[in-house]
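This report concerns only the one structure given below.
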Amino acid sequence: MNKDQALEELFLAHKPQFDDKDAFMSSLTQRLDAVEYIKQYQEEAISRYKMAIVVAFVAGLVVGSVSIAYLLTSPSDTPLFHFDTHNIIFLEWLCANSRLVTITAISLLMTLGIASFISNIQELMIMRQSPQHRQIGL
């Protein structure tokens, strides 16, 4: 209780002086303008970030779909790539299973892209709900 009374007395004893109202108003206006500038900059950055995420997602989806469609429509008995070596067992296996390796690689890349897309969306939602945005009225 004593701490509450001490704080109350401290606040009651403090009488701020505003000698130069014009200087105070110009300083306040500058600070409000700075806050508005930061708010606009953050909104523009978030909108650019959203657009980049959507473009990357659509591009990845199109490239992945076209690649998989090409793999499925090309002749299955012809390897996708070929090495002119017959001594290295790994390269021979890679040529024999080129379709499987390529489809697996494309699927892994698409999975990585989708996981990154979801992560970025969650990051944007966190940015929207951060305390800095709430302080400036977003």
Side-chain angles (χ1 to χ4, degrees):
M1 248 356 219
N2 289 338
K3 288 183 182 180
D4 290 338
Q5 289 176 351
L7 284 174
E8 185 178 342
E9 289 174 7
L10 181 68
F11 283 123
L12 290 174
H14 181 67
K15 305 282 187 204
Q17 298 288 328
F18 297 109
D19 295 335
D20 191 5
K21 292 181 182 178
D22 293 332
F24 173 75
M25 287 304 292
S26 67
S27 171
L28 181 63
T29 303
Q30 281 181 328
R31 289 180 183 165
L32 289 175
D33 289 343
V35 167
E36 186 63 31
Y37 175 75
I38 291 170
K39 177 181 168 184
Q40 289 175 356
Y41 180 78
Q42 286 179 340
E43 285 296 319
E44 290 172 4
I46 288 173
S47 67
R48 283 192 306 267
Y49 195 45
K50 282 182 182 178
M51 184 58 68
I53 289 171
V54 169
V55 167
F57 180 73
V58 170
L61 198 61
V62 168
V63 169
S65 300
V66 168
S67 300
I68 289 176
Y70 170 73
L71 289 173
L72 294 175
T73 58
S74 63
S76 62
D77 57 346
T78 309
L80 293 175
F81 45 86
H82 181 68
F83 301 106
D84 290 332
T85 60
H86 298 288
N87 298 334
I88 302 174
I89 296 172
F90 175 71
L91 292 180
E92 289 178 10
W93 177 85
L94 193 63
C95 288
N97 296 312
S98 62
R99 292 189 176 285
L100 182 62
V101 170
T102 305
I103 287 177
T104 303
I106 290 172
S107 298
L108 288 174
L109 285 173
M110 287 181 68
T111 302
L112 178 67
I114 290 171
S116 175
F117 177 76
I118 291 170
S119 172
N120 289 337
I121 292 297
Q122 289 176 342
E123 185 179 324
L124 276 173
M125 291 172 68
I126 289 170
M127 285 173 64
R128 283 274 186 200
Q129 296 171 354
S130 70
Q132 291 126 356
H133 281 90
R134 281 189 231 131
Q135 286 176 355
I136 56 178
L138 290 178

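Note that the structure is predicted; figures quoted are calculated from it, not measured. Positions are given from 1 along the sequence.
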* Quick one: side chain to side chain contact (heavy atoms under 4.5 Å, CB included) partners of Glu36, sequence neighbours excluded? -> Lys39, Gln40
* To do: Measure the CD1-OG1 distance between Ile106 and Thr111 for me, rounded to the nearest 0.5 Å.
  => 11.5 Å
* Hydrophobic clusters join Ile, Leu, Val, Met, Phe, Trp and Tyr when side-chain heavy atoms are under 4.5 Å apart, directly or via other members; which others share one with Val54? -> Val58, Val62, Val66
* Find the distance between CG (Asp33) and OG1 (Thr29) and round it off to the nearest 0.5 Å. => 6.5 Å
* Structure fact -> In this structure, CG of Leu112 is separated from OG of Ser116 (nearest 0.5 Å) by 6.5 Å
* **Hphob cluster co-occupancy, Val63 + Val101, side-chain heavy atoms under 4.5 angstrom** => no
* **Leu32 side, atom CG; Ser27 side, atom OG - distance, nearest 0.5 Å** => 9.5 Å
* Quick check: does any side chain N or O of Ser47 sit under 3.5 Å from a backbone N or O of Glu44, one acting as donor and the other as acceptor? -> yes
* Shortest non-hydrogen separation from Leu61 to Ser65 and the atoms involved -> O-OG, 2.7 Å
* Asked: Rounded to the nearest 0.5 Å, how far apart are CG of Asn97 and OG1 of Thr102?
  -> 10.0 Å
